[in-house]
Amino acid sequence: MGSFRLFDLNDAQRAAVVQTTGPVLILAGAGTGKTRVITARIAYLVAQGVKPANILAVTFTNKAAGEMRERVAGMVSEGETKKLTLSTFHALCVRLLRQDIEPLGWKKNFSIYDQGDSLGLIRAIITRTAAKDEKLEPGAAQALVSKLKNDPRIAAGGAPNDSTLVGAVFNRYQAELKRMNAVDFDDLLLLAVRLLKEHPEVRQKWRDRYHYLMVDEFQDTNRLQLDLVSQLAHGDPPNVCVVGDDDQSIYGWRGAEVSNILEFERHFPNPAVVKLEQNYRSTNAILHTANSLIKNNPRRRPKTLWSEHGTGDKVRLVPAPNEQEEAAYIIAEMRQKITDGLAQSFADFAVVYRMNSQGDFIERHLKEAGIECLRVGGKSFFDRREVKDVLAYIACLLNTDDDSALLRIINLPPRGLGDTTIDRAMAHSITTRTSLFKAINDPAFLGTMSPKVRAAFQEFGVLLDEFETKMLAVGASYEEVVARLLDEIGYFPEMRRHCKGEDEALRRETNVRDLLRDLGRYQERSPDGGLRGFIDKLTLDQEREDRKREDFLAQTPRVTLITLHAAKGLEFPHVYLLGLEEGLLPHERSKVEGTVDEERRLLYVGITRARRFLTMSYCVNRTKFGSAMSCTPSSFLKELSRDHLELIQASAVLNAPVSETSAKGHFSQMREMLGKSG
DNA sequence: TGCTTTATAGTTTTT
DNA sequence: CTATAAAGCA
């Protein structure tokens with residue numbers, strides 16, 4: 001604590017740390033100690049007498065923010081660490097909006113719609129809006145809506161053309177959200193920016209708070225995120241330090257603008273630019289291969305990674321007849337490496353690929369071979385129905401206008417309010433332009449219902465009222481009140497009724513109990529956060545606790561199976577990059593969409609994950625949609641330097657050791673395939 | 001209301 | 001081929 005040492009840093013890192021004023025652009029290549037520099041810089045600022053409360057560091061993920069806090073805590077006192085603002089973009093915006101959103105026309109208790117909530121709303125709007133012959137995929141619509149929100153004209157308060165289906169869906173979607181006193185993830189950014197732009201007194205308040213800004217993973221920022229930084233930045237010149245690597249920008253399809261980092265000078269003139277090129281992760285064979293690939297990208301800030309680790313083993317390129325043999329090769333080589341002592345355990349390996357479906361295949365093969373694996377990313381976060389149910393009840397208590405939450409629980413457990421009734425209530429809420437909750441309490445509407453239905457609505461309203469009061473009571477334990485609510489509505493028996501087997505029932509019940517326990521713990525730890533704070537935290541941090549626990553409890557070392565996207569930021573002693581085929585990497589679609597550069601960066605990210613050994617493979621034939629298709633090796637392979645590359649036939653490891661003559665044959669084959677370049 | 005049949009498409013994913 | 005979603009059916 002209270003100790004960090006500048007002389008532990010290399011020259012470039014130190015330069016980045018001590019440049020505390022004005023705009024700073026830190027170009028941090030893969031594995032160059034980026035997190036170390038950011039955390040050291042924060043510690044240095046504090047050591048220089050800057051008040052921790054005046055420092056703001058923004059990251060993309062909760063994981064990154066947490067990691068940063070942990071590492072800063074090792075250099076700065078506990079009291080000072082607490083005063084720092086280390087936050088994700090979205091969490092920062094929530095904080096801002098919870099205090100100051102009112103001038104924009106939302107109430108402070110607004111609900112936050114996550115991706116799933118938002119998709120549900122969009123789906124409902126499409127069915128209501130689209131003509132019979134018009135079709136629009138909800139997922140595609142959602143992506144377009146998100147894109148529109150990053151459009152400067154929309155961000156400035158404009159609306160898209162109402163006569164196109166997408167435009168109409170967008171406009172209705174926005175109106176519905178506002179009617180429900182709700183915002184989606186993009187709105188968090190959009191509204192925060194609008195608030196700062198349009199309300200000078202609010203802007204001043206937040207500028208007074210933060211004098212030193214730092215942004216991590218700047219290459220992944222979108223337009224709104226840059227706007228937010230620009231709005232918060234102040235002073236002449238402003239103290240804005242961004243850290244990133246344009247070569248690792250792989251989220252363009254999600255709205256990230258590489259131009260934010262490529263044209264940083266345009267947004268913040270005369271920055272100090274520091275390049276971190278000394279890599280502490282990989283061998284030079286791996287770095288050389290990575291450098292040779294990425295230099296083919298036209299729009300980039302040139303960087304050349306190097307390390308003091310020596311050349312290391314050659315990078316292997318393995319053609320396999322098909323994906324079965326590709327898998328068999330990997331398994332055989334992993335076993336061989338463990339036998340040879342080149343790897344400690346299966347946990348030293350990562351298998352990295354472009355598409356999740358490739359992971360299914362390799363997972364099957366590994367399991368068959370009796371090798372444990374850990375699948376990172378993918379699905380699994382959608383099957384928490386029971387948690388969503390309970391959260392919907394809480395959401396209703398916090399914001400009765402939240403229709404999505406209300407719809408979820410209005411007939412759960414069944415209280416005689418079926419689809420037809422709800423449809424009528426929805427229709428009434430739409431015509432009267434009020435929330436569903438107001439509609440079902442409107443005498444004009446209730447008068448049209450049968451006495452039975454009317455009683456059901458009234459009873460439901462009383463229930464919500466009663467528990468809202470209980471929740472607001474001074475000294476109320478949220479955990480207890482929610483538990484009482486679940487008891488009162490008979491939630492567990494009802495849930496049990498819907499479960500197939502006893503294990504499912506038990507699992508779901510455990511999930512809910514865990515949620516309640518988390519709620520209790522949250523209230524203990526952050527008594528000021530309120531129930532709202534708990535819900536916000538869950539909405540903005542979808543990373544499940546159980547996953548962490550599962551990782552922690554894992555007894556057997558496991559091979560990591562991961563997509564290239566999810567692998568960013570991670571490292572492994574041994575990396576297998578699968579499916580280096582034209583159409584897969586670069587993906588076919590990228591060629592149509594003109595985003596091959598981003599695919600090249602994706603491969604670059606993959607290569608730079610490896611510490612000591614890297615093996616890349618491709619299939620000559622691959623089963624696609626049920627039938628075998630012949631594949632062409634990825635065009636990226638031609639760009640790789642041959643200096644540290646060796647060609648290995650899959651059969652070489654599967655069968656006998658390679659003889660010298662056949663090895664020569666392989667080299668000439670490789671030369672032929674790779675052409676004259678490199 | 002819940003289950004089976006049929007159509008359809010088929011990257012990458014965090015907040 | 002296979003997962004998933006909408007549609008149809010009991």
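Proteins get letters first, then strands, A, B, ... in listed order; numbering begins at 1 in each. All values below come from the heavy atoms of this structure, side chains included, with hydrogens, waters and symmetry mates left out.
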Could you list the residues that satisfy ring pair (Phe, Tyr, Trp, His ring centres under 6.0 Å) with [X], not counting sequence neighbours?
X        : value
A:His587 : none
A:Phe185 : A:His90
A:Phe60  : A:Phe89
A:Phe460 : none

Within the structure, does a side-chain N or O atom of [X] lie under 4.0 Å from either OP1 or OP2 of [N]?
X        : N      : result
A:Asn62  : B:dT14 : no
A:Asn356 : B:dT12 : yes
A:Thr563 : B:dT13 : yes

Sticking with atom [atom1], work out how far [N] lies from [M], rounded to a whole angstrom.
N      : M      : atom1 : value
B:dT14 : C:dA3  : C1'   : 23 Å
C:dA5  : B:dT12 : P     : 15 Å
C:dT4  : B:dT11 : P     : 12 Å

What is the separation between atom [atom1] on [X] and atom [atom2] on [N], rounded to the nearest whole Å?
X        : N      : atom1 : atom2 : answer
A:Glu494 : B:dT1  : CD    : P     : 11 Å
A:Asp220 : B:dT12 : CG    : P     : 18 Å
A:Glu363 : C:dT2  : CD    : C1'   : 16 Å
A:Lys624 : C:dT2  : NZ    : P     : 17 Å
A:Arg123 : C:dA5  : CZ    : P     : 7 Å
A:Asp360 : B:dT11 : CG    : P     : 12 Å
A:Phe361 : B:dT11 : CZ    : C1'   : 19 Å
A:Leu603 : B:dT12 : CG    : P     : 17 Å

Requested in this report: Sequence neighbours left out, what passes side-chain contact (heavy atoms from CB on, under 4.5 Å) with A:Asn62? Give chain and number order.
Outcome: A:Thr88, A:Asp541
Report summary line: Sequence neighbours excluded, the answer for side-chain contact (heavy atoms from CB on, under 4.5 Å) partners of A:Arg98 is A:Val94, A:Phe110, A:Ile112, A:Arg532, A:Asp536
With no hydrogens and no angle check, do the side chains of [X] and [Y] hold a donor and an acceptor under 3.5 Å apart?
X        : Y        : answer
A:Gln174 : A:Glu176 : no
A:Tyr251 : A:Asn222 : no
A:Asn181 : A:Asn109 : yes

Query raised in the report: So which nucleotide from B:dT15, B:dT13, B:dT12 ends up closest to the side chain of A:Arg354?
Result: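 Of B:dT15, B:dT13, B:dT12, B:dT12 is nearest to the side chain of A:Arg354.
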Side chains of residues 621-633 of chain A: which donor-acceptor partners sit under 3.5 Å, not counting sequence neighbours?
unit_1	atom_1	unit_2	atom_2	d
A:Arg622	NE	A:Glu581	OE1	2.7
A:Arg622	NH2	A:Glu581	OE2	2.9
A:Thr623	OG1	A:Glu323	OE2	3.4

Query raised in the report: With a centroid cutoff of 5.5 Å and a plane-angle limit of 30°, would you call A:His587 stacked on B:dT11?
Result: yes
Requested in this report: Under 4.0 Å from any atom of DNA chain B, heavy atoms only: list the residues of residues 247-262 of chain A that qualify, in numerical order.
Outcome: A:Trp253, A:Arg254
Query raised in the report: How do A:Gly418 and A:Leu540 order along DNA chain B: which one's closest nucleotide is nearer the 5' end?
Result: A:Gly418
Could you list, one pair per line, each protein nitrogen or oxygen that sits under 3.5 Å from a nitrogen or oxygen of nucleotides 2-10 of chain B, together with the distance?
none

